[in-house]
Amino acid sequence: MPVPRLPDTGYTPTPGELASIQAWFAEYDAAGARRDIERMADMAVFPLNLVSDDSAGNGASAQWDRARFVATMTQVMGDGSDAIAFESTRTPVFLGPAMAVVFTDSLMTMGDTTQRLRYADILIKRDGVWAFQTMLQGGWGDNLG
C-alpha cells in the first residue's frame with residue numbers, strides 16, 4: 001500500500017515550525033499525564049470548538065468556554081489514582097505559518113487499560129505561541145450538548 005501524501009496546502013513549514021508543534025504537544029501531553037487541566041486550558045483559545053459524531057451517526061459540534069473545558073476534562077481524566085501515559089504519532093499539515101491541522105494517532109494508557117485514539121486538532125499561533133482552537137474526534141457527540 002502506498003504511503004499517503006500530505007495535501008499540498010501551498011505552505012511548507014520550516015524545520016523550526018515542525019519542531020515547535022512537536023514541542024507544544026509534548027508539553028500538552030505532559031500536562032495531561034499530570035492531570036493538570038488548568039495548564040491544558042491555558043494552552044487553548046476559548047471559546048473552543050469541538051466537532052464529533054454521536055451514537056446515532058450524526059455530526060455534532062459545540063463551543064465550550066474555559067469552565068466547561070475544565071469541568072469536562074476533569075471528569076474524563078478521573079481523579080488521578082491511575083497514572084496516564086501517551087504514545088502519539090502526529091502529522092501536522094500547515095495551512096500557513098500560524099495555522100495547522102494536526103492529525104494524531106495515540107495510545108493512552110491509564111492504569112492497566114490502553115485505548116487507541118485518533119483525532120485532529122486545529123492549532124493557531126498567537127504572539128509566537130501555539131494554542132489549540134478546535135478539537136475533532138469521533139464518538140464524543142452525545143457529550144457535547
Short question: side chain of [X], backbone of [Y] - any donor-acceptor pair under 3.5 Å?
X    : Y    : value
W24  : W130 : yes
D65  : P47  : no
T114 : T109 : no

Let me see the working for M73 and E38 under side chain to side chain contact (heavy atoms under 4.5 Å, CB included), right down to the final yes or no. CA-CA 10 Å; M73 292 303 287; E38 290 293 338; over 6 Å; no
Going through the checks in order, is the side chain to side chain contact (heavy atoms under 4.5 Å, CB included) test met by L123 and F25? CA-CA 11 Å; L123 274 63; F25 274 105; 4.0 Å; yes
Under the side-chain contact (heavy atoms from CB on, under 4.5 Å) rule, collect the residues that match up with A62, sequence neighbours excluded. W64, L144
Which residues pass the side-chain contact (heavy atoms from CB on, under 4.5 Å) test with D112, not counting sequence neighbours? none
State whether the number of non-hydrogen atoms from other residues, nucleotides or ligands found under 6.0 Å of Q63 atom CD is greater than 12. yes
Please list, chain by chain and in numerical order, all residues satisfying side chain to side chain donor-acceptor pair (under 3.5 Å) with Y119, sequence neighbours excluded. R90
Search all heavy atoms of [X] against all heavy atoms of [Y] and return the closest pair with its distance.
X   : Y    : result
A60 : G141 : CB-CA, 3.8 Å
V70 : T74  : O-OG1, 2.6 Å
F46 : A41  : CE1-O, 3.3 Å
A44 : R126 : O-NH2, 4.2 Å
P92 : Q22  : CD-NE2, 4.2 Å
S52 : W140 : OG-N, 2.8 Å

Does the pair L136 and I122 meet the rule for a side chain to side chain contact (heavy atoms under 4.5 Å, CB included), with working shown? CA-CA 8 Å; L136 301 101; I122 297 175; 4.2 Å; yes
What distance separates [X] [atom1] from [Y] [atom2], expressed to the nearest 0.5 Å?
X    : Y    : atom1 : atom2 : result
F94  : T12  : CZ    : OG1   : 10.5 Å
L48  : F132 : CG    : CZ    : 5.0 Å
D42  : I37  : CG    : CD1   : 11.5 Å
D121 : M43  : CG    : CE    : 10.5 Å

Side chain to side chain contact (heavy atoms under 4.5 Å, CB included) test vs P13 passes for just one of I21, L18, V93, namely L18
Identified side chain to side chain contact (heavy atoms under 4.5 Å, CB included) counterpart of S88 within the set D29, L117, L107: D29
Across all chains, not counting sequence neighbours, the salt bridge (Lys or Arg N to Asp or Glu O under 4.0 Å) partners of E87 are none
Per the salt bridge (charged side-chain N to carboxylate O under 4.0 Å, His left out) rule, what does the pair list look like for residues 14-24, sequence neighbours excluded? none
Pairs touching residues 91-109 that satisfy salt bridge (charged side-chain N to carboxylate O under 4.0 Å, His left out), sequence neighbours left out: D105-R118
